[in-house]
Structure formats: structure tokens, C-alpha cells
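Residues: numbered from 1 along the sequence shown.
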Amino acid sequence: MTDTALILVAAGRGARAEQDIPKQYKIIEGKSVLQHTLENCFKSMRFNHIIIVISEEDSLAAKIIDQANIPARCIIGGASRTDSVRAGLKALWGQNVDHVFIHDAARPFVTKSLCQDLTAALMSCDGVAPALAVTDALKTQSGLAFDRSSVLRMQTPQAFHYDKIAAAFDTLPAGEAAADDIAIAKNYGLSIRFVEGDERNFKITFPEDFNRAKYMLQTDYYIAVGHGFDVHQFEAGGTMMLCGVPIECGYRLKGHSDADAGLHALTDAILGGLGLGDIGDHFPPTDNAHKDQDSAEFLSFAIDKVRDRGAQLQHVDLTLICEQPKIKPHRAVMRARIAELCHLSLERVSVKATTTETLGFTGRKEGLAAQAVATLKVPL
Ligand code: MG
């Protein structure tokens with residue numbers, strides 16, 4: 001497995017953004033720019049180490065890491081961006097890092113596909129950067145036309161083989177600064193490549209960029225509502241598992257796995273919200289590996305898929321339909337167990353119960369049914 005690190009450069013003062021605090025700490029849609037960037041990087045790629053390079057004067061980064069609940073550590077950078085990256089690379093020494101991504105904290109819209117393109121490109125070069133063509137006509141200050149086909153707009157993350165870029169920074173004289181890290185790599189003689197950048201991955205630079213970022217945060221996702229339904233029959237003996245909670249009532253639910261209809265409906269609701277089929281597609285009942293399986297594992301699988309998609313589970317609502325067992329005595333612990341499995345706070349988890357007024361199979365106490373609705377915020 002390739003060990004990949006992320007260095008987030010967040011030590012700059014961002015004077016062009018004309019803000020009272022450095023732009024990476026400015027709040028947009030309830031979170032600082034740095035937190036948006038950190039969360040998007042975390043969603044886009046599995047990094048083994050995350051280093052945030054901050055200025056000595058900044059005290060907010062630790063709180064941001066805490067709020068984002070992402071394993072990252074802060075180190076103090078230098079006077080220039082180059083010095084800060086150097087400090088970040090140094091902090092990774094001896095950690096067996098294969099690849100390192102170096103990214104500006106003021107680019108909150110990094111994507112999974114860009115990270116994948118960068119990783120793939122590292123198979124055939126020492127360093128790679130996202131780049132975009134220039135579409136506007138270019139002129140020099142004196143009005144002379146400038147050939148736009150000869151220039152590219154560079155973005156971050158720029159990705160490198162760690163030992164190569166660390167060596168390049170090692171030989172760079174102290175105080176020498178470069179426009180970006182790919183320039184340092186090229187000057188050192190490393191092989192470099194460019195991959196197609198992404199217009200959305202822009203850098204917050206000027207005051208008007210905050211409005212653009214705010215608009216993107218308000219519109220770069222859709223709300224998906226997934227629905228799940230499941231029924232299991234009662235059979236005598238054993239322990240019933242319902243919503244991940246054991247219930248000793250003298251009978252249990254019959255099925256291939258532990259037959260937890262509550263967690264099955266919930267798993268199907270989440271898979272439905274992601275457009276990923278149903279529980280049977282991923283865990284066929286014909287596969288003996290899932291015999292008597294703890295259904296919490298099915299739900300955890302769906303939760304992993306939410307993360308893989310870069311989505312957020314916002315809320316779940318579950319209704320159990322049965323005459324028996326009585327749900328009320330178990331409701332609080334069911335809710336807590338689901339909250340734990342879904343990594344949600346309690347107020348985002350609802351467990352309800354109803355009967356069918358003695359009608360139908362639930363009324364005849366032959367089994368129970370469960371319905372679930374999951375609300376997800378899914379990136380476009
Ligand atoms: Mg089932």
C-alpha cells in the first residue's frame with residue numbers, strides 16, 4: 001500500500017483578500033475556509049498523515065482540526081510559502097511516506113477525481129501538478145500580445161514522490177522562494193507532468209472570491225432521500241436483534257443473517273440514497289459467509305459507502321411496525337446504537353414504533369416490519 005501524506009499550507013497572511021483575519025480562517029457557510037479545505041481533502045483521498053502548516057500568530061487551527069474531527073497535526077511554518085512547505089516536508093521525515101500532496105489551504109474545492117489523476121500520474125513521473133489552459137487573450141503591460149498557448153494556470157494539490165521532493169527542498173538555498181513546488185522540482189531536475197486542473201478548484205484570493213466560494217458551497221450538492229423497507233418472520237427461541245439491540249422476549253427474527261429488520265431497512269435506505277442498490281446486492285443471502293452475520297456490519301458497510309462518495313448522512317428516521325415485542329422500553333438504547341453506528345448525533349436519529357391495529361401479519365404477531373428514511377447530502 002502506498003503511504004500518502006498531505007501538507008496543507010495555511011501560514012500565509014493573504015493580504016490580497018483584504019480581510020481582518022487571514023483568509024483561511026474566514027468563515028463561509030458556518031465553517032472556516034481551512035476546515036472546508038481539510039474536510040474536502042479528507043473526503044477526496046485516504047491520507048495516512050495530514051500536516052497543517054500554520055503561522056506562529058495563528059491559534060485557531062487546533063480548534064478547527066477538533067471540529068472537523070480529522071487526524072491532523074499542526075506545525076509552525078516559515079516566512080515564505082517555500083519555507084513553510086520545507087517545514088512540512090521535514091515534519092514527515094522518517095515516517096515512510098511514499099507520496100506527498102502539497103495543497104493551499106485557500107483552495108477548498110479539491111475533488112476526488114483530481115486526487116486520483118494526480119496519484120495515477122505519479123506512476124510515471126517524480127512530480128505532478130494540475131494545470132488549466134488560459135482562455136482570455138493575454139497582453140503585456142505595454143500592450144503587446146502574449147501567446148496564451150505557451151502558458152498554463154497552475155493549481156494545487158501538487159503531488160510528488162516524497163523522497164524526491166524532500167531532496168529538492170534540501171538543496172534549495174535558505175531564503176530562496178519559488179512560485180510553487182513543481183517549479184522547485186523542475187529546477188532540481190525531477191521529471192514533472194501536468195494533469196488537467198479543475199475550474200472549481202480555485203484559490204480564494206480576492207474579496208469577491210468569498211462570495212463565489214459561498215455560492216459553490218450552497219449549490220455543489222443535492223439532497224437525496226433514500227427509503228428502505230424490510231420484513232422478518234418470528235421464530236421461537238433465541239435472542240431477537242432489533243436496531244442493533246438484543247431483546248430477550250422468547251422469540252427472535254428468522255433470516256439468513258441475524259435478521260435485524262430495523263438495521264436492514266436503514267441500510268437499504270442509505271444505499272438507496274446513494275443509488276447503490278440494496279443490501280441483497282452487496283450481501284447475497286446465498287453466500288454462506290453472511291450466515292448469522294451481525295447486521296451492524298451491513299450498516300457500517302453502507303456508512304463507508306457514504307464516505308467513499310464524499311456524501312454526508314444528515315438524518316435517519318426509522319419506523320418499526322409490530323404488535324410485539326414492545327418497542328418503547330428499548331427505544332432509547334436503539335437510538336443510541338444507531339447514532340453510534342451512523343456517526344450521527346442523537347437528534348439526527350429517530351426511532352418510532354406503531355402497530356397495524358391487529359390487522360395483517362404484524363397484527364397476527366407472525367413477524368414485524370421496518371421502514372426507514374435516510375437523508376443525505378451528496379456532492380454533485
Ligand atoms: Mg432483511
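Nearest heavy atoms, His282 versus Asp278: CD2-O, 3.3 Å. Between His103 and Thr37, the shortest heavy-atom distance links the atoms CD2-CG2, 3.6 Å. Closest heavy-atom contact between Phe109 and Ala213: CZ-O, 3.6 Å. When every heavy atom of Met240 is checked against every heavy atom of Cys249, the shortest pair comes out as CE-SG, 3.9 Å. Closest heavy-atom contact between Val33 and Ala106: CG1-CA, 4.0 Å. Across all non-hydrogen atoms, the minimal contact from Leu376 to Ile270 is CD1-O, 4.1 Å.
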Requested in this report: Walk me through it: do Asp292 and His256 pass the test side chain to side chain donor-acceptor pair (under 3.5 Å)?
Outcome: CA-CA 6 Å; Asp292 300 321; His256 185 69; over 6 Å; no

Requested in this report: For side chain to side chain donor-acceptor pair (under 3.5 Å), just list the numbers for Ser295 and His264, CA-CA rounded to whole Å, side-chain angles, deciding distance to a tenth of an Å, and then say yes or no.
Outcome: CA-CA 7 Å; Ser295 297; His264 291 184; 2.8 Å; yes

Query raised in the report: Which is it for Ser142 and Thr140 under the side chain to side chain donor-acceptor pair (under 3.5 Å) test, yes or no, and what are the steps along the way?
Result: CA-CA 5 Å; Ser142 57; Thr140 63; 3.1 Å; yes

Report task. Start with the C-alpha gap between Asp198 and Gln155, add the side-chain angles, then the distance that decides, and say whether side chain to side chain donor-acceptor pair (under 3.5 Å) holds. Result -> CA-CA 8 Å; Asp198 187 332; Gln155 296 188 321; over 6 Å; no

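If you take OH on Tyr25 and CD1 on Ile54, they are separated by 5.0 Å, rounding to the nearest 0.5 Å. Of the inter-residue distances, the one linking Leu8 atom CG with Phe47 atom CZ reads 8.0 Å to the nearest 0.5 angstrom. Atom-to-atom distance recorded for Asp230:CG and Leu266:CG is 11.0 Å, nearest 0.5 angstrom. Here the straight-line distance linking atom CD1 of Ile338 with atom CG of Leu346 works out to 10.5 Å at 0.5 Å rounding. Atom CG of Leu380 is separated from atom OH of Tyr221 by 10.0 Å, given to the nearest 0.5 angstrom. A distance of 11.0 Å separates CG of Leu122 from CG of Asp117, quoted to the nearest 0.5 Å.
Asp308 and Arg46 are joined by a salt bridge, as a carboxylate oxygen and a charged side-chain nitrogen come within less than 4.0 angstrom of each other. Of the charged side-chain nitrogens involved, none lies within less than 4.0 Å of a carboxylate oxygen, so that Asp66 and Lys63 do not count as a salt-bridged pair. Salt bridge present: Asp317 and Lys352 bring a charged side-chain N and a carboxylate O closer than 4.0 Å. Salt bridge annotation for Glu347-Arg335: absent, with no cationic side-chain nitrogen under 4.0 angstrom from a carboxylate oxygen. Salt-bridge check for Asp104 with Arg81: passed, with a basic side-chain N closer than 4.0 Å to an acidic carboxylate O. Using a 4.0 Å cut-off between a side-chain N of Lys or Arg and a carboxylate O of Asp or Glu, Arg364 and Glu323 do not qualify as a salt bridge.
Phe42 carries Arg307 over the face of its six-membered ring, with the cationic atom under 6.0 Å from the centre and within 45° of the normal. Within the cation-pi definition used here (under 6.0 Å to the ring centroid, within 45° of the axis), Arg212 qualifies as a partner of Phe202.
Hydrophobic clustering, with ILVMFWY side chains joined whenever heavy atoms are under 4.5 angstrom apart, groups Val245 together with Val349. Cluster annotation: Val378 and Leu276 are assigned to the same hydrophobic cluster (Ile/Leu/Val/Met/Phe/Trp/Tyr, side-chain heavy-atom contacts under 4.5 Å, transitive). At a threshold of 4.5 Å between side-chain heavy atoms, the hydrophobic network of Ile, Leu, Val, Met, Phe, Trp and Tyr places Val97 and Leu118 in two separate groups. A single hydrophobic cluster is seen to contain both Val195 and Phe101, as judged by linkage of ILVMFWY side chains at heavy-atom distances under 4.5 Å, directly or through other members. At a threshold of 4.5 Å between side-chain heavy atoms, the hydrophobic network of Ile, Leu, Val, Met, Phe, Trp and Tyr places Ile64 and Ile76 in one connected group.
Pro71 has its side chain out of reach of Ile50: every pair of non-hydrogen atoms, C-beta onward, lies at least 4.5 Å apart. No side-chain heavy atom of His232 sits less than 4.5 Å from a side-chain heavy atom of Leu368. Side-chain contact between Ser44 and Leu114: absent, with no pair of heavy atoms (C-beta onward) separated by less than 4.5 Å. Annotation: side chain of Asp58 is in contact with side chain of Pro22 (closest heavy-atom distance under 4.5 Å). In this structure, the side chains of Ile303 and His343 come closer than 4.5 Å at one or more pairs of heavy atoms.
No hydrogens or angles considered: nothing links the side chains of Asn48 and Thr4 as a donor-acceptor pair under 3.5 Å. Side-chain contact of Asp258 with Gln293: a donor-acceptor pair under 3.5 Å is absent, judged by distance alone. Side chains of Ser124 and Arg193: a donor on one and an acceptor on the other come within 3.5 Å. A donor-acceptor contact closer than 3.5 angstrom links the side chains of His49 and Asp3. Side-chain polar atoms of Glu366 and Gln233 form no donor-acceptor pair below 3.5 angstrom.
The environment of Gln218 atom CD is dense: over 12 non-hydrogen atoms of other residues, nucleotides or ligands sit within 6.0 angstrom. In the displayed structure, Lys112 atom NZ is contacted under 6.0 Å by more than 12 heavy atoms of other residues, nucleotides or ligands. For Arg309, the CZ atom counts as densely surrounded, since its 6.0 Å shell holds more than 12 non-hydrogen atoms of other residues, nucleotides or ligands. Other residues, nucleotides and ligands contribute over 12 non-hydrogen atoms within 6.0 Å of the CG atom of Asp147. Residue Glu208 qualifies as enclosed at atom CD: its count of foreign heavy atoms under 6.0 Å is above 12.
Evaluated for a side chain to side chain contact (heavy atoms under 4.5 Å, CB included) with Ile7, the options Ile165, Ile52, Leu92 yield exactly one hit, Leu92.
Ring pair Phe283/Phe298 is tilted by interplanar angle, where 30° to 60° counts as tilted. Between His99 and His161, the ring-plane angle classifies as perpendicular under the 30° and 60° cut-offs.
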